[in-house]
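One structure below.
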Amino acid sequence: MTNFAQRLIHWYHLNKRSLPWRDTNDPYCIWLSEIILQQTRVDQGFAYYERFVSAWPGVAHLAAASEDEVLKMWQGLGYYSRARNLHKAAKQVLHDHAGSFPDTINGLLGLQGVGEYTAAAIASMAFGTKVAVVDGNVFRVLARLYGIGEPINTAQGKKVFTELATSLLPTSDAGTYNQALMEFGALHCTPRKPQCETCIFASSCHARRDNTVSDLPVKLSKKTIRKRYFNYLVLLHGHGNSASLYLNKRSEGDIWTGLYEFALIETAAPVASESLMESDRWKELTANSEGRLIHQSHQYKHPLTHQLIHARFYVVNLQNLLDLSGQNTLSLIKHSALEKYPLPRLIDRFLDDTNGLSDYYQT
DNA sequence: AAAACGGGGCC
DNA sequence: GGCCCAGTTTT
């Protein structure tokens, strides 16, 4: 046994939490716990596990339940596809595997909701297969101990950490090693405020030596999609074939993405027509207009900023063309396209232009 | 490779 | 408001 695994398992026996799905070889219990604990803390999933086992002590019981019953039991846990997959997998075990869980990685991977991690977990903990699990805890602990800056959410990163975890595997009792490594990450080498002072690996931890504990593991930040709600006012004037848009300038620091990205009014959430029309700004602008107000909504993803733009157009007839362009930060935009295309082509044209205005884009 | 899928805890 | 949690599936 490697020195690392030996010391880790020693720590585990001293510090592990007593959990009902531990110290059992029953693949049903282990599988159930693993599905429940996907992206879920033990504190949150514990009660659900107990209720599931109580209601359905074995895979055959679970398979015999209805999907609605399973979903009901899952209520409040989140990621509800897990519940549907759980139920489907139970039926797979019953019908495709004669009621016994498959005991190979590939067999387990064939079950709905069982991916790389869960297959390795069940294989090692229920069947003693020598295979390493790689979950969020493993990424974190190994990244810190070995000072690995490889991003964990890339194919290359997963490969690096899987190979390292595999190389540290003891010759026997991989299941205990896997649980020990995860428990160490969950209790000691935590995401925030890890207990480095009392760590059994303090003297050899690269991150501690390099003062990079809080920087590891590295995770490529995913593009967060900001949703924005732009409300445009389209003013028709003359005798119906020309139109103008009144727009506000963007505030300083806002991403400037082109002429059409200026909304008349931006709101934090979708607003009902009524409440928008009751705003002071709205009344001010539409004071001399008449005609029925109509609106049309569109949604598009900005190609460069990845913002999700919800655009809503309000159209009113304007009796007398107001010169509002000098007021406050308001601008009157008269684009050739707007004069050229009467409604409803106007709005379609507007959106075509919006998505094709790459020449204007800056960041 | 990236996005979608949830609810809860923590800073 | 962002990040994280015993990830998997779909696009």
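Side chains included, hydrogens not; waters and symmetry mates left out as well; all remaining heavy atoms used. Note on naming: letters A, B, ... go to the chains in the order of the sequence lines (proteins, then strands), and numbering restarts at 1 for each one.
More than 12 heavy atoms of other residues, nucleotides or ligands lie within 6.0 Å of CD in A/Gln112, so this atom counts as buried by the packing criterion.
Each of A/Val134, A/Val133, A/Val131, A/Leu142 was scored for a side chain to side chain contact (heavy atoms under 4.5 Å, CB included) with A/Thr162, with one residue passing: A/Val134. The side chain to side chain contact (heavy atoms under 4.5 Å, CB included) with A/Trp31 is formed by just one residue from the set A/Asp26, A/Leu108, A/Leu86, A/Val93; it is A/Leu86.
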* Contact pattern, 5' to 3', of nucleotides 5-11 of chain C - B, S or - by protein heavy atom under 4.0 Å -> BBBSS--
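As judged by a 4.0 angstrom heavy-atom cut-off over every strand, A/Gly45 is placed among residues making no nucleic acid contact. At a threshold of 4.0 angstrom between heavy atoms, the contacts of A/Ile36 with the nucleic acid are absent.
For the residue pair A/Asp173/A/Thr176, the side-chain donor-acceptor check at 3.5 Å is satisfied.
What separates NZ of A/Lys193 from C1' of C/dC4 is a distance of 15 Å, to the nearest Å. We find that OH of A/Tyr80 is positioned 14 Å from P of B/dC5, with the value rounded to whole Å. If you measure from atom CG of A/Asn153 to atom C1' of C/dG2, you get 15 Å, rounded to the nearest angstrom.
The same atom, P, is picked in B/dG6 and in C/dT10; the two are 13 Å apart, to the nearest Å. Comparing B/dC5 with C/dC4, their C1' atoms are spaced 16 Å from each other, to the whole Å. Going from the P atom of B/dA4 to that of C/dG2 covers 16 Å, rounded to whole Å.
Each of A/Thr154 and A/Arg192 was assigned the nucleotide of DNA chain B with the nearest heavy atom; the assignment lying further toward the 5' end belongs to A/Thr154.
Side chain of A/His61 to main chain of A/Ala55: no donor-acceptor pair is present (N/O by atom type, distance under 3.5 Å, no hydrogens or angles).
Looking at heavy atoms from C-beta onward, A/Val213 lies out of side-chain contact with A/Lys193 at the 4.5 angstrom threshold.
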